[in-house]
Amino acid sequence: MAKVLTSKEENYSQWYNDLVTKADLAENSSVRGCMVIKPYGYAIWEKIQNILDTMFKKTGHSNAYFPLLIPKSFFSKEASHVEGFAKECAIVTHYRLKNSPDGKGVIVDETAKLEEELIIRPTSETIIWSTYKNWIQSYRDLPLLINQWANIVRWEMRTRLFLRTSEFLWQEGHTAHATKEEAIEETNKMLNIYAEFAEKTLGIPVIIGKKSDSEKFAGAIDTYCIEAMMLDGKALQAGTSHFLGQNFAKAFDVKFTNKEGKLDYVWATSWGVSTRLIGALIMAHSDNNGLVLPPKIAPIQVVIIPIYKNEQEHSIVLNKCKEIKEKLENVALTVKLDDRDTQKPGWKFAEYELKGIPIRIAVGPKDIENGTIEIARRDTLEKKLIPNDNFSENVLKLLDDIQQNIYNKALKFREQHTYKIDNYTEFKTAIENGGFFEAFWDGTPETEAKIKDETKATIRCIPQYSNDKEGFCMVTGKPSKKRVIFARAY
RNA sequence: CGGGGUAUAGCGCAGUUGGCUAGCGUAUCUGCUUUGGGAGCAGAGGGUCGCAAGUUCGAGUCUUGCUACCCCGACCA
């Protein structure tokens with residue numbers, strides 16, 4: 001087979017870039033740092049949207065849409081929020097262009113300067129909370145459970161397709177509650193939804209935990225996250241959920257009358273996942289032949305390729321393929337029949353492997369004669385012949401197997417690259433090869449900064465679930481309540 | 001914003017001490033043969049050599065300036 005991808009052993013980042021472009025997921029645009037998401041990549045995003053959206057609706061959330069542009073003054077209302085985002089905001093200053101005097105193109109019309117400059121949203125807390133102020137008066141208006149699917153802009157220094165781009169797509173949930181407990185419960189609920197989605201649908205095992213103060217969202221009391229391990233041993237934050245306390249309610253004066261008739265500030269949460277999940281999907285499962293997609297997220301689950309020598313064989317084989325397609329569609333699978341005669345079967349095999357289609361079915365004259373079909377699975381690259389009657393059940397079962405196998409493989413990989421470590425000198429060496437390191441930390445920002453400075457590793461999260469006893473910080477030797485996860489991260 | 005690199009056909013690249021008609025692979029188009037793992041042969045089309053100025057009889061090649069992009073840092077989901 002012709003080699004189209006750089007192997008991931010040879011150059012991991014190049015492998016990733018090759019994969020994204022060759023599998024036709026996305027490409028760089030003429031705007032620096034912004035990507036064009038191509039139809040196949042966007043189809044994956046649509047699957048992510050559909051499945052998550054259903055989960056949000058089931059838990060009582062509704063979608064709404066807030067503006068792209070936010071008055072600059074809104075930003076200064078919550079101190080740590082401004083500080084966190086100020087350095088990466090795009091600003092709209094004018095509203096009109098005019099013909100350039102030299103006749104070459106257009107220039108900004110300086111007379112059309114905005115009274116108040118507008119910020120292109122890097123996140124929507126401020127515009128949303130300024131709106132919620134008018135929506136909430138009484139405990140009867142609560143909880144307010146809103147989500148929006150949107151694009152946002154953060155002016156990034158260095159970008160990579162899906163993992164970090166200046167503009168990206170995401171969903172952001174913003175909820176308001178009458179009590180602290182209820183808001184905390186919401187924060188956890190959404191975090192668990194993300195974890196379930198990552199594991200069950202994307203086949204990516206995640207560690208659920210809490211961020212240290214330095215990694216916290218600007219404006220949050222607590223930030224929780226799910227962290228996944230990529231195939232190079234680096235960590236990727238796959239979703240976040242924030243308990244915002246009353247910070248934004250106070251900043252935007254959102255008060256309600258409680259059951260006792262007293263005025264109080266509401267309690268808030270926000271939570272989000274982005275197109276970065278597509279990057280996670282790629283780097284969690286793929287191999288040197290291309291993308292490997294879990295069946296539940298694959299835009300096409302089964303591809304059928306007819307094989308024939310002449311027109312007569314073609315019509316017989318094609319009829320069989322159509323019959324197979326129909327049967328599989330009857331059991332709710334998404335199936336593509338690739339009957340193009342402009343490409344040869346071998347070319348198609350390689351192409352659909354590159355694109356990560358979970359199952360490939362090939363039908364040729366020999367199969368018709370023997371009453372079989374050839375079925376190949378993408379995750380293991382195994383091929384086998386199965387009887388051509390009653391194959392639907394086989395296919396369904398195989399898809400389940402693939403989904404499970406992809407998850408198991410990723411989990412095993414993470415376990416093999418997760419280490420308990422108590423000695424900082426050993427840590428400094430070991431971190432070079434990637435992986436997650438469970439280590440005791442004294443809980444101080446100083447120690448955290450020292451480790452980051454010396455090793456580029458950060459605390460990915462303080463895990464929610466662990467059965468560790470207390471110990472001593474690997475750097476300072478001070479007492480520590482539990483182990484935290486250190487890793488280098490995307 | 002620092003340090004390094006690149007810019008030649010859609011994509012990936014070569015082009016020597018300046019030398020006359022700018023080439024290779026791949027993709028594209030046409031025809032024939034092929035079709036169970038990225039087909040073969042024959043032919044064809046496709047270029048402001050990043051932009052601007054300079055040196056020269058002559059510049060893809062040398063000089064200067066500019067611009068864009070990539071990689072490594074700082075910043076970040």
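So that the names make sense, note that chain A is the first sequence line, chain B the second, and so on, each numbered from 1. Just so you know, these numbers use all the heavy atoms, side chains as well, and skip hydrogens, waters and symmetry mates.
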- Side-chain donor-acceptor pair under 3.5 Å between D379(A) and H285(A), yes or no? no
- T123(A) versus R121(A), side-chain donor and acceptor atoms under 3.5 Å: no
Pairwise [atom1] distance for [N] and [M], with rounding to whole Å:
N       : M       : atom1 : answer
rU17(B) : rG60(B) : C1'   : 16 Å
rU6(B)  : rG10(B) : P     : 22 Å
rU8(B)  : rC49(B) : P     : 11 Å
rC20(B) : rG31(B) : C1'   : 36 Å
rG40(B) : rG58(B) : P     : 47 Å
rG12(B) : rG54(B) : P     : 32 Å
rC71(B) : rA9(B)  : C1'   : 26 Å
rG19(B) : rG15(B) : C1'   : 14 Å

- Intra- and inter-strand pairs of RNA chain B in dot-bracket (Watson-Crick or G-U wobble, both distances under 3.5 Å; | for another strand): (((((((..((((.....[...)))).((((((.....)))))).....(((((..]....))))))))))))....
Candidates [options] - which lies nearest the side chain of [X]:
X       : options                   : answer
R360(A) : rU35(B), rG36(B), rG37(B) : rG37(B)
M157(A) : rU35(B), rG38(B), rC75(B) : rC75(B)
W347(A) : rG38(B), rC75(B), rU35(B) : rG38(B)
R32(A)  : rC75(B), rC69(B), rG36(B) : rC69(B)
P365(A) : rG36(B), rG37(B), rG38(B) : rG36(B)

Contact class for [X] vs. all strands (heavy atom < 4.0 Å): base, sugar-phosphate, or nothing?
X       : answer
R340(A) : nothing
T165(A) : base
K348(A) : nothing
L163(A) : base
N310(A) : nothing
Q237(A) : sugar-phosphate

- Task: Taking the side chain as every heavy atom from C-beta outward, state whether Y424(A) and T447(A) have any pair of such atoms under 4.5 Å apart.
- Result: no
Give the ring-plane orientation class for [X] versus [Y], where under 30° counts as parallel, over 60° as perpendicular and anything between as tilted.
X       : Y       : answer
H242(A) : F217(A) : parallel
F56(A)  : Y194(A) : perpendicular
W129(A) : Y132(A) : perpendicular
F248(A) : F252(A) : parallel
W45(A)  : W149(A) : perpendicular

- Ranking S274(A) and A362(A) by the position along RNA chain B of their nearest nucleotide, the one closer to 5' is A362(A)
- Query: Between F217(A) and K383(A), which is nearer to the 5' end of RNA chain B once each is assigned its nearest nucleotide?
  - Reply: K383(A)
Could you tell me the separation between the [atom1] atom of [X] and the [atom2] atom of [N], rounded to a whole number of Å?
X       : N       : atom1 : atom2 : result
E311(A) : rU35(B) : CD    : C1'   : 12 Å
N28(A)  : rC69(B) : CG    : C1'   : 10 Å
Q343(A) : rG37(B) : CD    : C1'   : 14 Å
K452(A) : rG73(B) : NZ    : P     : 13 Å
K384(A) : rG37(B) : NZ    : P     : 20 Å
K366(A) : rU35(B) : NZ    : C1'   : 12 Å
K38(A)  : rG10(B) : NZ    : C1'   : 11 Å
D338(A) : rG38(B) : CG    : C1'   : 13 Å

- For K309(A) and rG36(B), is the shortest distance between a side-chain N/O and OP1 or OP2 below 4.0 Å? no
- Can you tell which of E172(A), E186(A), K189(A) makes a side chain to side chain contact (heavy atoms under 4.5 Å, CB included) with W271(A)? E186(A)
- Partners passing side-chain contact (heavy atoms from CB on, under 4.5 Å) against K200(A) (at least two apart in sequence or in another chain): E196(A)
- Message: Counting distance alone, no hydrogens or angles: does the base of rG37(B) have a donor or acceptor under 3.5 Å from a partner atom on the side chain of E353(A)?
- Response: yes
